[in-house]
Participant: 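One structure, as structure tokens, below. Some questions next.
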2 protein chains.
Amino acid sequence: MSEQREPAARTTYRHGDLRGALVEAGVEMAREGGPRAIVLREATRRAGVSPNAAYRHFEDRLALLHAVSDACLGFTADRIEQELTAHPPTGDPVADARMQLRAVGLGYIAFAREEPGLFRTAFSVPDDLRRANVPEKAGRGGRTPFELVGAALDSLVDAGVLPAARRENAEFLAWAAVHGLGMLVIDGPLRGLDDRMIDHSTARLLDMVERGL
Amino acid sequence: MSEQREPAARTTYRHGDLRGALVEAGVEMAREGGPRAIVLREATRRAGVSPNAAYRHFEDRLALLHAVSDACLGFTADRIEQELTAHPPTGDPVADARMQLRAVGLGYIAFAREEPGLFRTAFSVPDDLRRANVPEKAGRGGRTPFELVGAALDSLVDAGVLPAARRENAEFLAWAAVHGLGMLVIDGPLRGLDDRMIDHSTARLLDMVERGL
DNA sequence: TGACCGTTGTGGACAGTGTACACATCGATG
DNA sequence: CATCGATGTGTACACTGTCCACAACGGTCA
């Protein structure tokens with residue numbers, strides 16, 4: 001029925017940017033189907049290249065998955081930034097700082113709902129704090145989701161809303177709450193609830209974080 | 001090197017409880033390796049049966065995964081109940097209700113840390129609210145994790161700590177926070193932090209929930 | 001008692017996957 | 001222009017999920 005992704009029989013022997021093409025293909029597969037749908041051979045097919053060519057750029061299927069996962073984190077960052085610009089500062093530092101943190105949460109949840117496959121892929125692979133801010137995980141704005149939460153929390157401290165003593169590692173708490181909600185929405189018990197219900201739960205969760213941080 | 005799980009060449013043609021054996025084998029594979037490590041053929045091998053025999057009990061590999069996932073939810077419930085009995089009521093209804101909710105959270109996080117493979121498996125498969133309390137997801141105590149959070153929240157209302165108006169769907173908020181932390185601990189940025197650090201984050205998260213609910 | 005039939009397990013086959021190894025083709029660099 | 005490292009190809013293998021036809025059982029009913 002529909003043409004496959006440009007087999008486009010390239011004319012040169014070299015591909016030019018095979019690594020990039022493979023990651024892009026991986027992202028497309030992950031979009032519908034999540035991390036399990038990322039299959040190495042299919043990625044090479046879409047890139048118009050033989051299966052083994054992938055091994056010049058990735059050690060493993062898992063290495064490809066890692067790269068795709070990092071890219072998905074970047075998309076998450078993009079969605080958060082989009083929400084941030086949708087809620088520009090008003091001049092009231094307290095309200096603005098609060099809004100900034102909310103925007104981060106809203107963007108995060110929005111991404112989970114709009115792109116469940118990519119969201120799942122972003123977290124399908126073990127990670128740790130040292131890699132939390134590598135540039136591969138950054139969005140077009142150059143910042144990673146982790147940095148974006150951190151910045152919002154810093155604003156809260158600057159505005160005097162959050163006591164400095166509670167700032168340390170507060171990322172973990174805020175992130176955990178929002179991340180958990182994201183997961184529950186896409187394949188936990190909240191799945192299938194209507195949008196209004198989810199919006200409402202999101203708002204309440206953000207209230208909880210604001211109040212409880 | 002090590003003997004495989006009892007090939008135990010059975011003498012009868014019928015297995016007796018193949019379905020159960022397959023789920024058990026699946027759990028064992030999930031324990032080390034998570035959901036991806038659940039492979040149908042290997043499960044039949046461990047059960048001492050031909051690969052196709054599995055199809056008399058499960059439509060699919062995915063159906064097996066579902067069954068294993070449900071079992072993992074049951075183990076989660078068990079771990080929570082264990083934490084509940086480790087913190088028996090003292091007589092003060094307010095403190096007891098608070099402790100009950102904390103125990104649920106502590107058990108949940110403890111399970112994630114002790115059995116990351118099973119924890120991941122429990123949530124590796126789409127679910128929804130209607131199936132949240134099916135008996136397959138219950139632990140030995142007969143209650144599902146979802147019911148256990150709910151009961152804790154009810155206690156908070158009874159003790160007058162949580163306004164009844166905020167009770168509805170509060171499961172989602174509490175669950176989201178704790179679930180998110182669990183995920184971050186096993187393969188998110190909190191991974192690899194030392195135990196004391198994680199304990200501390202857990203305590204702070206539970207404070208946040210208590211304060212913010 | 002024995003014929004029957006649904007349930008459970010078997011055997012063989014197939015397409016698809018990840019990956020290893022040897023080989024081919026290129027572009028930059030001397 | 002010869003050389004060499006980097007990139008892509010071809011062939012092969014073990015393994016997976018799953019389909020199909022067949023085999024062995026055990027309860028049911030004459």
Side-chain angles (χ1 to χ4, degrees), chain A residues 4-30 32-69 117 121 124-126, chain B residues 4-30 32-69 117 121 124-126:
Chain A
Q4 199 58 289
R5 257 256 183 276
E6 45 191 322
R10 74 185 180 291
T11 164
T12 54
Y13 183 78
R14 307 297 227 262
H15 177 285
D17 181 23
L18 181 51
R19 192 196 146 90
L22 291 175
V23 171
E24 195 170 339
V27 167
E28 238 38 60
M29 293 185 268
E32 32 182 330
R36 280 176 224 165
I38 300 180
V39 21
L40 202 150
R41 285 179 102 108
E42 172 67 15
T44 60
R45 237 171 271 135
R46 295 193 187 186
V49 106
S50 92
N52 285 323
Y55 288 88
R56 299 296 166 192
H57 301 272
F58 299 99
E59 175 129 11
D60 247 351
R61 172 183 177 276
L62 208 66
L64 171 60
L65 210 175
H66 256 92
V68 174
S69 161
T121 305
S124 65
V125 103
Chain B
Q4 200 57 290
R5 257 260 185 275
E6 46 192 323
R10 75 184 179 291
T11 165
T12 55
Y13 183 79
R14 305 299 227 263
H15 177 286
D17 181 23
L18 182 51
R19 192 196 146 91
L22 291 175
V23 171
E24 194 169 340
V27 167
E28 238 38 59
M29 292 185 271
E32 31 182 329
R36 279 176 223 164
I38 300 180
V39 21
L40 203 150
R41 286 180 101 108
E42 172 68 14
T44 61
R45 236 171 272 137
R46 295 192 187 189
V49 106
S50 91
N52 285 322
Y55 288 88
R56 298 296 166 193
H57 302 272
F58 300 99
E59 175 129 9
D60 247 351
R61 173 183 177 277
L62 209 66
L64 171 60
L65 210 176
H66 256 93
V68 174
S69 161
T121 305
S124 65
V125 103

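Naming convention: chains lettered A, B, ... in sequence-line order (proteins, then strands); numbering from 1 in each chain.
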Participant: Report the residue (B/Ile38 or A/Asn52) whose heavy-atom-nearest nucleotide on DNA chain D is the more 5′ of the two.
Facilitator: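 Mapping each residue to its closest nucleotide by heavy atoms, the 5'-most match is A/Asn52.
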
Participant: Looking only at atom types and distance, does a side-chain atom of B/Ser69 sit under 3.5 Å from a main-chain N or O of B/Leu65, one as donor and one as acceptor?
Facilitator: no

Participant: Once rounded to the nearest 0.5 Å, what's the spacing between atom CE of A/Met29 and atom CD of A/Glu24?
Facilitator: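 Rounded to the nearest 0.5 Å, the CE-CD separation comes to 11.0 Å.
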
Participant: I want to confirm an ordering. Mapping A/Thr12 and A/Pro51 to their closest nucleotides on DNA chain C, which one lands closer to the 5' end?
Facilitator: A/Pro51

Participant: Is it the case that the side chain of A/Arg61 and the backbone of A/Ile38 share a donor-acceptor pair, with hydrogens and angles ignored and the cut-off at 3.5 Å?
Facilitator: yes

Participant: In Å, rounded to the nearest 0.5 Å, how long is the span from CG of B/Leu22 to CD of B/Glu42?
Facilitator: 11.5 Å

Participant: Indicate every side-chain donor-acceptor pair of residues 47-57 of chain B with a distance under 3.5 Å to a residue at least two apart or in another chain.
Facilitator:
none

Participant: First contact, last contact: which nucleotides of DNA chain D are these for chain A, 5' to 3', heavy-atom distance under 4.0 Å?
Facilitator: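 The contacted stretch runs from D/dG5 to D/dT11.
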
Participant: On a heavy-atom basis, which atom in B/Pro35 and which in B/Gly117 lie closest, and how many Å separate them?
Facilitator: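 That closest heavy-atom pairing would be CD-O, 4.3 Å.
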
Participant: Mind running a 4.0 Å heavy-atom check of residues 56-67 of chain A against DNA chain D and sending the residues that fall below it, in number order?
Facilitator: A/Arg56, A/His57

Participant: Please check if the side chain of A/Arg36 supplies one atom and the backbone of B/Arg36 the other of a donor-acceptor pair under 3.5 Å.
Facilitator: no

Participant: Which whole-number value in Å describes the distance from A/Arg45 CZ to C/dG18 P?
Facilitator: 9 Å

Participant: Respond yes when some side-chain nitrogen or oxygen of A/Arg36 is under 4.0 Å from OP1 or OP2 of C/dT17, and no when none is.
Facilitator: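 Checking A/Arg36 against C/dT17: no side-chain N or O falls below 4.0 Å of OP1 or OP2.
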
Participant: By the definition side chain to side chain contact (heavy atoms under 4.5 Å, CB included), identify the one residue from B/Leu18, B/Leu40, B/Val23 that meets it with B/Phe58.
Facilitator: B/Val23

Participant: For B/Arg14 and for B/Ala53, find the nucleotide of DNA chain C with the closest heavy atom, then tell me which residue's nucleotide is more 5'.
Facilitator: B/Arg14

